[in-house]
Amino acid sequence: MMFGGLSTKLLNICIASFCKVRLLEKAEAIIIDGVRLGVIPDVVTYNTLVSAYSRYVSLDSAYSVIHRMKEAGISPNVITYNSLIAGATRDCLLSQSLDLFEEMLQAGIHPDVWSYNILMNCFFKFGKPDEANRIFQDILLSNLASHPATFNIMINGLCTNEYIDNALMLFRNLQRHGFVPQLVTYNILINRLCKARRWRQARTILRELGESDLEPNAITYTTVMKCCFRSKQYDKGLDIMSEMKSKGYAFDSFAYCTVVAALVKTGRIEEANACMEQTMSNGIELDLAAYNTLLNMYCRQGKFEAAYKLLDEIEKGGLLCDKYTHTIIIDGLCKAGNFSGAQHHLHYMKMMGFHENLVALNCMIDGLCKAGHIDRAMELYKSMETKDSVTYTSLVHNLCRAGRFRCASKLMMKCLKDGKKILRATKRAVLRGLRSSGYTDEAKKLQWKIQLARILR
DNA sequence: ACATATCAGT
């Protein structure tokens with residue numbers, strides 16, 4: 001009996017290490033071997049599989065593990081449910097996450113602090129900060145010992161739900177009460193502050209990380225590098241890349257994509273190529289985001305044959321293209337002036353089950369305008385179900401460039417009525433254009449509308 | 001030995 005217990009423990013350790021490197025078939029094979037030798041899988045064995053399948057394969061495949069588990073006479077426990085709920089949240093299935101939580105309660109299983117953390121993260125992900133906050137308060141008031149992750153999830157969730165000041169206040173309050181930030185806490189704050197373009201505060205947090213006992217990791221470096229690129233400090237970003245390499249940090253797919261995307265964006269195609277070759281020669285496995293980065297690079301070089309070949313390769317490799325993939329192709333074709341090709345791909349995308357793709361249509365509009373086909377762009381605009389501020393900005397800006405200020409003005413009023421934001425520079429361009437071409441009354445009217453929109457907002 | 005949070009792509 002004791003021997004059996006020990007063997008199951010060993011089996012579980014083996015399975016966990018195979019799952020960690022995504023060798024699920026190997027993990028399954030060991031279970032079969034184990035059963036032959038009389039080693040009985042337990043709840044931990046199945047939980048390990050549930051987690052791995054939901055993470056690396058699909059939620060459905062995780063459910064089939066649950067089925068096998070029940071057939072073997074083993075009941076799911078709180079960890080099983082936590083894994084499933086986390087998986088459903090990762091797959092953007094809000095109601096399924098909540099149903100699973102309910103099912104867990106119905107089954108008489110008591111949620112633990114992990115369950116509440118996962119649920120909190122779920123609410124934040126779906127833009128429900130109030131519900132998330134309620135759970136946070138419940139955790140603090142309950143007897144459950146809170147875990148640093150509770151605070152990290154809270155800080156991150158507040159930031160992604162536009163409560164970045166509250167997140168900072170929470171962070172400082174926690175520190176006053178003796179909370180020692182973890183590396184993830186710093187990484188979360190640096191990243192979110194950079195995305196909000198609050199460079200000064202981001203630098204403060206980065207400095208505090210430097211003064212702490214913690215060592216930055218690859219995520220920290222990638223985050224800071226991205227911040228440099230975002231604030232147009234390209235050479236500084238590349239310096240950080242070299243520092244990261246020389247200090248021996250693993251240069252992963254994230255790091256390479258960040259660098260390649262920045263190089264492509266600034267037109268440094270040769271360097272981007274070299275960087276991408278390094279990625280490949282380092283044997284880094286490309287996932288869809290990495291393929292999309294590569295695809296974007298090809299498109300910007302006008303290498304569409306290579307791009308289409310890559311598209312085939314992606315699909316043959318069993319990956320499904322996402323909306324980013326298609327948008328990159330459409331944007332690339334538009335920038336190259338191939339509008340019939342772009343139209344064709346738009347149809348293809350629809351055939352693949354993607355319906356509205358506002359970003360791709362915005363790329364079409366911008367491309368048409370830049371190639372001087374403003375009327376075609378206006379036609380497309382009229383046929384669109386939804387528009388956003390990018391749609392309007394692109395059209396208004398290009399109408400101004402073509403000297404069609406009254407048309408630009410009319411469109412901008414529509415935009416304001418629609419409650420969409422528009423760049424200040426674009427507003428000024430329209431007003432200046434109207435005045436200089438003698439439409440002073442129109443300019444006054446527009447200015448009034450702009451002020452009105454500001455008051456109403 | 002199993003479950004949560006941070007970094008890349010239009």
(request) Scan residues 255-310 of chain A for pairs that pass ring-ring contact (aromatic ring centres under 6.0 Å, His included), counting only residues two or more places apart or in two chains. (result) Phe251(A)-Tyr256(A)
(message) Distance check needed: dT4(B) P versus Leu119(A) CG, whole Å only.
(response) 15 Å
(request) Output yes when at least one side-chain N/O atom of Lys9(A) is less than 4.0 Å from OP1 or OP2 of dC2(B), else no. (result) no
(message) Determine whether a donor-acceptor pair (one donor, one acceptor, N or O, separation below 3.5 Å) exists between the side chain of Asn156(A) and the base of dA5(B).
(response) no
(message) On a heavy-atom basis, which atom in Asn82(A) and which in Trp114(A) lie closest, and how many Å separate them?
(response) ND2-CB, 3.6 Å
(message) Expected output is a numbered-order residue list: members of residues 44-72 of chain A with a heavy atom under 4.0 Å from any atom of DNA chain B. What is it?
(response) Val44(A), Asn47(A), Thr48(A), Ser51(A), Arg55(A)
(request) Would you tell me whether Cys194(A) and Cys227(A) have their SG atoms within less than 2.5 Å of each other? (result) yes
(message) Using whole Å, what does the distance between atom P of nucleotide dC7(B) and atom CZ of Phe251(A) come to?
(response) 17 Å
(request) Find out whether Met69(A) and Leu49(A) are in side-chain contact, i.e. whether some heavy atom of one side chain is under 4.5 Å from a heavy atom of the other. (result) no
(message) For residues 215-242 of chain A, which residue pairs pass the ring-ring contact (aromatic ring centres under 6.0 Å, His included) check, not counting sequence neighbours?
(response) Tyr221(A)-Tyr249(A), Phe229(A)-Tyr234(A)
(request) May I ask you to say what Ile188(A) touches in the nucleic acid, namely base, sugar-phosphate or nothing, with a heavy-atom cut-off under 4.0 Å? (result) sugar-phosphate
(message) Output the rounded distance in Å from CG (Asn296(A)) to P (dA8(B)).
(response) 15 Å
(message) Whole angstroms only, please: what is the CD1-C1' distance between Ile284(A) and dA8(B)?
(response) 12 Å
(message) Given the ring of Tyr392(A), does Lys387(A) sit roughly above its face, with NZ or CZ under 6.0 Å from the centre of the six-membered ring and within 45° of the axis?
(response) no
(request) Give the rounded distance in Å between these two atoms: NE2 of His147(A) and P of dT4(B). (result) 12 Å
(request) Take the protein atom OH of Tyr81(A) and the nucleotide atom P of dA3(B), then report the distance between them rounded to whole Å. (result) 18 Å
(request) Nearest whole angstrom, please: distance from the P of dA3(B) to the CG of Asn77(A). (result) 12 Å
(message) Using whole Å, what does the distance between atom C1' of nucleotide dT6(B) and atom CE of Met154(A) come to?
(response) 17 Å
